[in-house]
Amino acid sequence: HNLHIQNSKIELKSKHRVGTVSNKKSNPQNQEPKYILERILGEGSSATVYLVTDEEGNSVVIKQFKNSILNTNYKEKVEREIETLRQINHPQIPKYLDYFEKVIEKRRLPHLVMEYKEGPTLETYLNDNRLQIEQISTILKEILLLLQYIHSLQPALIHRDIKPSNIIIQENTTANIVLIDFGIAVD
């Protein structure tokens, strides 16, 4: 795949070390963060999402966009997704961790690093399980509460792509779902 993998290591350049929550912090050693590729979580028309292990041994997600950041309209879309994720602070939405760009096959591709939330998507879960009315009610209530939260932000966010493949089911947790993929969210 497009990430350069050598001996199961992915070497990516970043302005600062992975794990920080602000782009304003710098990487004092000026080292390249390294990730160990675990697997591809998904691939869409605009990005590929990888599960990787960072330098500290934490599982994180890297969303590698497919279009070059040199395209001004595309750069604005990526910047909007980053700003959207940076302002969200909710346990049912993956946290933004880092952003970097890397030249791959002569294209400058943006990469977004996010917290990993484990579990199957609702789409996969529904293929293997039949939900009871109580489970359906709980999932819908949690979706509505998440929508209420993102709509209460200033400016309010509209997700615009809520579907079973963008909802992760987390069993044995206090919150049953996680909302992912804010790529086309607007304010």
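Positions are given from 1 along the sequence.
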Would you name the heavy atoms of Y96 and D98 that are closest together and state the gap between them? CE1-O, 3.5 Å
Go through it in stages, so that I can follow the logic: the residues are N176 and Q170, the test is side-chain contact (heavy atoms from CB on, under 4.5 Å), and I'd like the CA-CA distance, side-chain angles, deciding distance and then a yes or no. CA-CA 5 Å; N176 293 309; Q170 292 193 306; over 6 Å; no
Using every non-hydrogen atom in the two residues, find where P91 and K117 come nearest and quote the distance to one decimal. O-NZ, 2.7 Å
Cluster question for you: counting only ILVMFWY and a side-chain heavy-atom cut-off of under 4.5 Å, with indirect links fine, are I162 and I177 together? yes
Can you sort out the partners of T124 under side-chain hydrogen bond (donor to acceptor under 3.5 Å, both in side chains), two or more places apart, ordered by chain and number? T121
Using a 4.5 Å cut-off on heavy atoms from C-beta on, say whether the side chain of N58 contacts that of T53. no
Mind checking side-chain hydrogen bond (donor to acceptor under 3.5 Å, both in side chains) for E115 and listing every partner two or more places apart, or none if nothing turns up? none
Looking only at heavy atoms, what is the nearest atom pair of E56 and D54, with distance? N-OD1, 3.0 Å
Residues passing the salt bridge (Lys or Arg N to Asp or Glu O under 4.0 Å) test with E118, sequence neighbours excluded, are none
Hydrophobic side-chain clustering at under 4.5 Å (ILVMFWY, transitive links): who's grouped with V178? Put none if nobody. I168, I180
Test your reading of the model: is there a side-chain donor-acceptor pair from N166 to the backbone of D161, 3.5 Å cut-off? yes
Is there side-chain contact between P94 and Y116, with at least one heavy-atom pair below 4.5 Å? no
Measure the spacing between CG of L179 and CD1 of I93 and express it to the nearest 0.5 Å. 5.5 Å
Is K63 close to H111 at the side-chain level, that is, under 4.5 Å between some pair of heavy atoms? no
Do you know which two heavy atoms are closest between Q87 and Q154, and how far apart they sit? OE1-O, 3.8 Å
With rounding to the nearest 0.5 angstrom, report the OG to CG distance, S165 to L126. 11.0 Å
Partner residues of N67 under the side-chain hydrogen bond (donor to acceptor under 3.5 Å, both in side chains) criterion, sequence neighbours left out: none
For E83, what residues pass the side-chain hydrogen bond (donor to acceptor under 3.5 Å, both in side chains) criterion, not counting sequence neighbours? R86
Considering only heavy atoms from C-beta outward, does the side chain of T48 approach that of F65 to under 4.5 Å? no
Close side-chain approach of I62 to V49, heavy-atom, < 4.5 Å: no
Determine, for K66 against E43, whether the closest basic-nitrogen to carboxylate-oxygen distance falls under 4.0 angstrom. yes
For the student: nearest non-hydrogen atoms of L146 and Q92, plus distance: CD2-CB, 3.7 Å
side-chain contact (heavy atoms from CB on, under 4.5 Å) with E171: which residues, sequence neighbours excluded? Y125, I169
Listed partners of K141 passing salt bridge (Lys or Arg N to Asp or Glu O under 4.0 Å), at least two apart: none
In the structure I gave you, are the side-chain heavy atoms of E38 and V52 within less than 4.5 Å of one another anywhere? no
A side-chain contact here means heavy atoms from C-beta on lying under 4.5 Å apart; do Y50 and I40 qualify? yes
Closest heavy-atom pair and its distance - V60, L97: CG1-CD1, 3.7 Å
Identify, with sequence neighbours excluded, every residue that meets side-chain contact (heavy atoms from CB on, under 4.5 Å) alongside P164. L122, E123
Between E55 and K34 (salt bridge meaning N to carboxylate O under 4.0 Å), is one present in this structure? no
Any heavy-atom pair between the side chains of M114 and V61 that's under 4.5 Å? yes
Interatomic spacing from NE2 in H151 to NE2 in H159 - rounded to 0.5 Å: 9.5 Å
For I136, what residues pass the side-chain contact (heavy atoms from CB on, under 4.5 Å) criterion, not counting sequence neighbours? L131, L140
Mind checking what makes side-chain contact (heavy atoms from CB on, under 4.5 Å) contact with Q132, not counting sequence neighbours? E134, Q135
Any residue meeting ring-ring contact (aromatic ring centres under 6.0 Å, His included) with H90, in chain and number order, not counting sequence neighbours: Y149
